[in-house]
Amino acid sequence: MIYELSYLILLLPLLSFLVLGLAGMKMQHKTAGLIGTCSLSLVTLLSYWTAFAYFTADRVNGIYQTIVPYNFTWLPLGNLHFDMGILLDPISVMMLVVISTVSLMVHIYSFGYMHGEKGFQRYYAFLSLFTMSMLGLVLATNIFQMYMFWELVGVSSYLLIGFYYPLKPAIAASKKAFIVTRFADMFFLVGILTFGYFTDSFSFSFAGDIVMGQGTTPFIEGNIAKAVAAGGFIIPTALVLMFIGGAGKSAMFPLHIWLPDAMEGPTPVSALIHAATMVVAGVFQIARMFPLWIEYAPQAMSIVVWVGVITAFYAAAVACAQSDIKRVLAFSTISQIAFMMVALGVSLPGHHGAVLDNHAQLGYMAGMFHLFTHAMFKACLFLGAGCIIHAVHSNEMALMGGLRKYMPITHITFLISCLAIAGIPFFSGFSSKDEIITACMEYSPVVGWIMTGIAAMTAFYMFRLYYGIFWGTENKEAHAHHTPHEAPLTMTIPLIVLTVITVGVGIYTTIAGFAGWGGSFGSFVSAAGTDYTIHFNTQIAATSTVIAILSICLATYIYKGESQPIADRLYKTFPKLHRAAYKRFYQDEIWQYVTHRIIFRCVSTPIAWFDRHVVDGTFNFLAWGANEGGESLRSWQSGDVRKYAVWFLTGTVALTLILLCI
């Protein structure tokens, strides 16, 4: 059975990493790239085969089953035990498709983009490790196993962001990403330990509806009564602590500061990190533990909602002022990940208590749907940006303009991806974003209209980016030294594949949503696990579409021409606002001040002084006292019998005199 081969999905990239890491330097570049790419090709085939078998299997009472083909107890600690295994359910199988597809496109694309780079073999080894880590994260059977692969993802991202380690910005960016995410992961670990201590379990839920494969170790559920008793305060607290870890990994405000600097890594790495892997780990964490949130902490989900709303608006505002095309896409990613967080947060318990009614849980499906669609068109945008950078040797829009006539394939694929992220009908982003806004409107009209406004900002800044690259004023001076050209097939084929997915999914889901057809995303992934037919809210769909089109028209009016007098006039009118947005509203400076001036100076320095002078001083004094006492007594143990006799006689005389005096 295909499920029995699921272990190969993790084993193949692991073997690829070991082979390339240990023997890669003795190989030719092409050989190393082929090993990594062929390994991911097999992983992709297995992932698609697994997805086909899982989603075409018979359901039980209309619900997809949760299947664990492999699970064993790694470390038993009484009722609390650490398990390792593979868990297959709708969201993990969907993530297998997303991760393997984008990773394979990045592997193929890197053949052209990284050609001739020093460390080519090392690059492919790190890609394999990164992919294996993310696949292990989504297939984890319990929270502790998820955390182990979660940390491997962090290590892998550190290695890939710092790939150009001779450059100081790359070193700084990799350390920044590692430190910020480790800081957030500290809360994740505290939440896991709190949850495990009070529930005697690391399970994602206490439902007990898991189908174990032959020879696997059944989950030993903890004390459920104890878990219920702890649900009033402990489980919500643990879940919020774990959410902080997810917020750090998914770059939610104010822990987002590492993501824009991660652009120092190779552009294909940016596509992998920002599209399907690292940044969606926090979203996946909330979705994976969704039963616990709904059952024990529904009120705490408002924290997820408002963190997402603030992050989405902040990132969209910053994206409107950036000139580096990769940073525009980075802040776009932050904003879109926040859309997914908001979608999960607005998923309220059903109309009858905690029943998972599909309509009430629309946000869950919409968030997962947007994760899927965003992965494809955002990977296409980043890989397209790589083609552009490859052509003009710069990230700055000032050195671009007029590239549509030099790069027709990149131009068309980039335009389609921009239309998708803007939410235009018949492109995949429309279907998922419309459902998110609908869920937000049902949660709160205020949240719904805020997210609609942010969606309008998304359409505006993405077409500002599009016109700045492909239209506008051509920099003939820069192009005279190096005429731009279309990227090689190894780089354009992944763009075409991702574009076809974006358009194909968009056409079907748009028609299906208005016509009420089944077989759309809701038929595979829903809150209750049942078949959910998507029905668009016509009023909301029409409103969001009109607003998106108006935003695109505004961007066209301002940025399409050879010159941009309106943009220049706005800049002169609001120079401080523009500079603040360009400088990311000084978040880096604020963190620098908080860490250096407050934490380091006011907290760390006094603690360090206390540690050196009081703690170390106390133990140094004890050691000094013992040493001095030993030195004083050492002469009494000289081994000279005559000295012993003198001391004996002296003591005898002294005792005699004392007794006589008494």
Side-chain angles (χ1 to χ4, degrees), residues 1-15 17-18 46 50 54 64-93 95-96 129 132-155 185 188-231 234-235 238-239 241-242 245 281 284-285 287-292 295-296:
M1 194 175 184
I2 180 58
Y3 302 145
E4 296 175 357
L5 298 177
S6 57
Y7 72 95
L8 292 175
I9 295 175
L10 295 179
L11 183 61
L12 287 172
L14 176 61
L15 291 176
F17 164 68
L18 293 175
L46 285 169
T50 301
Y54 183 84
Y64 288 110
Q65 291 191 328
T66 299
I67 299 172
V68 178
Y70 296 98
N71 186 74
F72 64 93
T73 299
W74 175 47
L75 184 62
L77 295 172
N79 285 335
L80 188 63
H81 52 100
F82 302 124
D83 292 339
M84 299 289 287
I86 292 175
L87 184 148
L88 300 175
D89 71 344
I91 61 171
S92 66
V93 173
M95 287 299 295
L96 286 182
L129 178 63
M132 186 275 295
S133 303
M134 194 64 201
L135 290 169
L137 190 155
V138 301
L139 291 174
T141 61
N142 58 86
I143 303 173
F144 189 82
Q145 182 184 347
M146 174 188 276
Y147 180 75
M148 292 177 62
F149 283 99
W150 185 281
E151 294 304 311
L152 273 176
V153 169
V155 171
D185 291 351
F188 189 12
L189 180 59
V190 172
I192 291 172
L193 296 177
T194 303
F195 181 86
Y197 177 80
F198 282 97
T199 65
D200 289 337
S201 174
F202 288 123
S203 178
F204 294 123
S205 77
F206 304 125
D209 54 353
I210 297 173
V211 179
M212 307 296 291
Q214 292 184 354
T216 60
T217 305
F219 293 118
I220 307 170
E221 293 291 354
N223 189 332
I224 305 302
K226 183 179 178 181
V228 173
I234 298 300
I235 293 182
L239 290 173
L241 289 172
M242 286 188 256
F284 180 81
Q285 181 218 82
R288 170 57 75 211
M289 291 185 281
F290 192 73
L292 294 173
E295 187 72 24
Y296 297 104

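It should be emphasised that the depicted structure is a prediction, and the values quoted were computed from it without experimental measurement.
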Straight-line distance of [X] [atom1] to [Y] [atom2], nearest 0.5 Å:
X	Y	atom1	atom2	value
Met146	Leu139	CE	CG	10.5 Å
Trp150	Asp185	CH2	CG	6.5 Å
Leu96	Ile91	CG	CD1	11.0 Å
Ser203	Phe195	OG	CZ	7.0 Å
Leu152	Met134	CG	CE	12.0 Å
Phe149	Met132	CZ	CE	6.0 Å

request  = Please list, chain by chain and in numerical order, all residues satisfying side chain to side chain contact (heavy atoms under 4.5 Å, CB included) with Ile192, sequence neighbours excluded.
outcome  = Ile143, Tyr147, Phe188, Phe202, Met242

query = What residues form a side chain to side chain contact (heavy atoms under 4.5 Å, CB included) with Leu11, not counting sequence neighbours?
reply = Tyr7, Leu8, Leu15

Any donor-acceptor pair under 3.5 Å from Tyr70 side chain to Met84 backbone = no

ask   = Judged by modelled atom types alone, do Thr141 and Asn71 share a side-chain donor-acceptor pair under 3.5 Å?
value = yes

inquiry  = Between Thr73 and Asp83, is there a side-chain donor-acceptor contact under 3.5 Å, judged purely by atom types and distance?
reply    = yes

Exercise: identify the closest heavy-atom pair between [X] and [Y]:
X	Y	value
Ala238	Gly191	CB-O, 3.5 Å
Tyr3	Ile67	CE1-CD1, 3.6 Å
Leu137	Phe284	CD2-CD2, 3.8 Å

query = Under a 4.5 Å cut-off applied to non-hydrogen side-chain atoms, are Gln145 and Phe82 in contact?
reply = no

ask   = Is the closest side-chain heavy-atom distance between Ile9 and Ile86 below 4.5 Å?
value = no

All salt bridge (charged side-chain N to carboxylate O under 4.0 Å, His left out) counterparts of Asp89, not counting sequence neighbours = Arg288

